[in-house]
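Structure, as structure tokens:
Residue numbers begin at 1 in each chain, while the letters A, B, ... track the order of the sequences.
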Protein chains: 4
Amino acid sequence: MAGVNKVILVGNLGADPEVRNLEGGNKVATLSIATSENYTDRDGNRQTQTEWHRVNLWNGLAGVAEQYLKKGSKVYIEGRLTTRSYEKDGVTRYSTDITARDMVMLDSRQDGQGAPYEAAPPQGATVSETPQAVGASEVSNDDPPF
Amino acid sequence: MAGVNKVILVGNLGADPEVRNLEGGNKVATLSIATSENYTDRDGNRQTQTEWHRVNLWNGLAGVAEQYLKKGSKVYIEGRLTTRSYEKDGVTRYSTDITARDMVMLDSRQDGQGAPYEAAPPQGATVSETPQAVGASEVSNDDPPF
Amino acid sequence: MAGVNKVILVGNLGADPEVRNLEGGNKVATLSIATSENYTDRDGNRQTQTEWHRVNLWNGLAGVAEQYLKKGSKVYIEGRLTTRSYEKDGVTRYSTDITARDMVMLDSRQDGQGAPYEAAPPQGATVSETPQAVGASEVSNDDPPF
Amino acid sequence: MAGVNKVILVGNLGADPEVRNLEGGNKVATLSIATSENYTDRDGNRQTQTEWHRVNLWNGLAGVAEQYLKKGSKVYIEGRLTTRSYEKDGVTRYSTDITARDMVMLDSRQDGQGAPYEAAPPQGATVSETPQAVGASEVSNDDPPF
DNA sequence: TTTT
DNA sequence: TTTT
């Protein structure tokens with residue numbers, strides 16, 4: 001029954017995050033992320049192909065995105081595919097998004113012009129929806145690593 | 001500019017593969033794959049959430065899918081997300097698919113009723129769009145491992 | 001500073017799990033997993049290359065491994081690389097293991113000879129070290145999906 | 001038989017790449033990459049845990065590493081685990097490395113002091129051991145995407 | 001040491 | 001539409 005549904009992206013935000021505070025007290029941030037691949041076409045010319053992805057982050061991750069990400073930011077995202085259906089103009093339509101489970105910010109702090117992030121975390125800070133206490137890597141101690 | 005666009009799925013086919021032979025000589029197989037996750041809801045009841053994924057396989061991979069996969073087959077898929085737009089009834093609509101890069105068949109041969117596959121490859125046979133010659137794992141020899 | 005350290009395996013157990021109950025109350029199961037790749041060498045002969053991996057599972061995952069896995073079982077493992085050093089005969093030696101974060105069992109129930117698992121979970125049951133409540137896939141409700 | 005053996009890293013080089021040109025004409029570059037995770041220990045203190053990984057890149061990838069990477073560079077690596085054994089002082093020892101299949105450079109060009117890269121590719125350029133021609137994302141054309 |  |  002169970003399976004694996006995993007997406008891994010490294011790309012840049014095409015716009016600032018859109019953040020919504022929902023009635024039930026949850027927060028969701030939506031990112032539009034471009035992943036580009038370079039390749040050489042059959043005529044030998046270099047081409048770039050870009051895909052755009054809608055990524056939803058919830059609560060803790062949404063707060064970090066709201067605070068630290070902006071248009072142009074580079075991020076690593078791990079999540080899962082979720083397709084939802086909705087009615088529009090009497091037609092059923094589908095939208096496929098990525099729900100993030102982990103995010104790593106990949107921009108250098110020092111690359112900013114000015115001081116865009118007041119309380120910026122260290123470059124590359126990892127944020128998980130479900131924070132994990134990571135113990136020592138020794139198998140022989142009595143401490144689980146997750 | 002370049003980035004990462006990766007999808008990893010383990011799930012079951014909801015139907016037999018749909019195979020099309022294109023005019024240019026290419027072959028494409030489309031799979032409908034379900035990935036299911038079990039969880040306990042806030043009332044303590046076990047629930048299953050299923051996502052459905054459209055996966056396109058090309059040429060070599062398509063041929064293997066056509067020959068060996070059927071409704072119910074369990075597979076591992078690695079690929080990338082591709083969103084295309086199309087017009088329907090004068091409205092632009094979007095469809096997000098997965099283009100497969102690698103596939104591993106996860107069914108045992110012996111689970112079949114009868115002998116569905118005349119020339120079945122070993123269970124779990126890996127098929128790549130771009131077959132790789134894998135050398136010895138010794139770093140010290142003069143042989144690259146890919 | 002933060003980064004990504006991820007391992008994904010699909011392979012078979014070379015032996016039954018080794019389970020230890022530690023003094024602090026933790027349980028650890030160690031799996032020896034083979035991943036095999038087929039390729040054609042430069043002389044055109046089919047070859048198989050097998051890598052062996054040591055995988056450690058903790059507590060909840062260890063219990064599931066102890067109960068349901070055995071020599072020959074096929075599993076999907078997601079985890080991270082952990083290298084530890086130890087002294088042996090006055091020499092510092094290193095061992096690189098994988099610490100599992102998720103496991104999916106890939107064997108069919110019906111492939112058993114007899115009834116090896118009294119209370120076997122559904123085929124492909126996913127077990128996580130940190131169980132996740134997964135909500136609906138609707139973005140528009142007020143329910144976070146993780 | 002076949003399986004999956006995949007490693008994904010995002011981390012920084014602890015030293016400049018070590019490059020060797022082998023007798024058979026192959027080139028190999030070895031990277032030492034740190035992946036760090038932040039967590040809160042049971043006393044509520046923030047801790048960082050760092051793992052170090054040995055990554056081997058061959059030929060084309062090795063050339064790119066040699067030319068563009070240096071101590072401190074941030075990279076995304078995808079590859080597979082390879083364990084080799086060797087004799088030292090009459091004892092069999094094991095070493096587990098990662099053989100890279102893809103690399104994405106994650107540093108901004110503009111972060112350099114001076115002009116370290118004469119012919120630097122765009123930031124985040126992806127390099128694969130086996131370059132892939134990536135076609136259009138339209139399923140309906142006759143062009144395979146890999 | 002697995003699997004086919 | 002799958003799987004258990």
Side-chain angles (χ1 to χ4, degrees), chain A residues 1-5 83 85 94, chain B residues 9-18 30-39 46-55 64-65 68-77 104-112 115 117 119-127, chain C residues 9-18 30-39 46-55 64-65 68-77 104-112 115 117 119-127, chain D residues 1-5 83 85 94:
Chain A
M1 181 97 74
V4 175
N5 173 358
T83 297
S85 62
Y94 298 88
Chain B
L9 303 178
V10 173
N12 300 284
L13 274 67
D16 289 346
E18 293 173 31
T30 301
L31 310 181
S32 183
I33 296 183
T35 56
S36 302
E37 297 180 76
N38 300 309
Y39 66 99
R46 297 296 294 167
Q47 302 286 357
T48 293
Q49 184 181 1
T50 297
E51 289 289 333
W52 288 95
H53 312 270
R54 245 176 90 88
V55 178
V64 174
Y68 299 115
L69 299 183
K70 57 176 186 187
K71 181 175 174 174
S73 295
K74 186 186 288 291
V75 287
Y76 166 97
I77 294 282
V104 179
M105 293 183 279
L106 298 173
D107 292 311
S108 312
R109 274 165 91 181
Q110 61 269 31
D111 72 350
Y117 307 143
Q123 180 208 354
T126 309
V127 193
Chain C
L9 303 178
V10 174
N12 299 285
L13 274 69
D16 290 345
E18 295 172 32
T30 300
L31 311 180
S32 183
I33 296 184
T35 56
S36 302
E37 297 180 77
N38 302 308
Y39 66 99
R46 295 296 295 168
Q47 301 285 357
T48 293
Q49 185 183 359
T50 296
E51 288 289 332
W52 287 95
H53 312 271
R54 245 176 89 87
V55 178
V64 175
Y68 298 113
L69 300 182
K70 57 178 187 184
K71 181 174 173 173
S73 295
K74 185 185 288 291
V75 288
Y76 167 96
I77 293 283
V104 179
M105 294 183 278
L106 298 172
D107 291 312
S108 312
R109 274 165 92 184
Q110 61 269 31
D111 72 351
Y117 307 142
Q123 180 209 354
T126 310
V127 194
Chain D
M1 181 95 76
V4 175
N5 173 357
T83 297
S85 62
Y94 298 89

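- At a cut-off of 3.5 angstrom, the base of dT2(E) holds at least one donor-acceptor pair with the side chain of Thr50(C).
- Taking atom CD on Glu37(C) and atom C1' on dT3(E), their separation rounds to 14 Å, with Å as the unit.
- Atoms OH (Tyr76(C)) and P (dT2(E)) sit 25 Å apart, rounded to a whole Å.
- Rounded to whole angstrom, the span from the CG atom of Leu13(C) across to the P atom of dT3(E) amounts to 10 Å.
- Side-chain atoms of Ser32(C) and His53(C) include no donor-acceptor pair closer than 3.5 Å.
- The side chain of Ala15(C) sits closest to dT1(E) out of dT1(E), dT2(E), dT3(F).
- Stacking between Trp52(C) and the base of dT2(E) is absent under the criterion of ring centres within 5.5 Å and planes under 30 degrees.
- Distance, Lys74(B) NZ to dT3(E) P: 19 Å, rounded to whole Å.
- In this view, Gln47(B) and Asp41(B) satisfy the side-chain hydrogen bond (donor to acceptor under 3.5 Å, both in side chains) rule, not counting sequence neighbours.
- Nucleotide dT1(E) holds its C1' atom 15 Å from the CG atom of Leu69(C), rounded to whole Å.
- Atom NZ in Lys70(B) sits about 20 Å away from atom P in dT1(F), given to the nearest Å.
- Contact detail for Thr48(C) and Ser36(C): the closest heavy-atom pair is CG2-CB, 4.0 Å.
- In this entry the distance linking CG of Asp107(C) with P of dT3(F) reads 17 Å, nearest Å.
- The CD1-C1' distance, from Ile33(B) to dT1(F), rounds to 12 Å in whole Å.
- Looking at Leu106(C), Leu13(C), Asp107(C) one by one, the single match for side chain to side chain contact (heavy atoms under 4.5 Å, CB included) with Val75(C) turns out to be Leu13(C).
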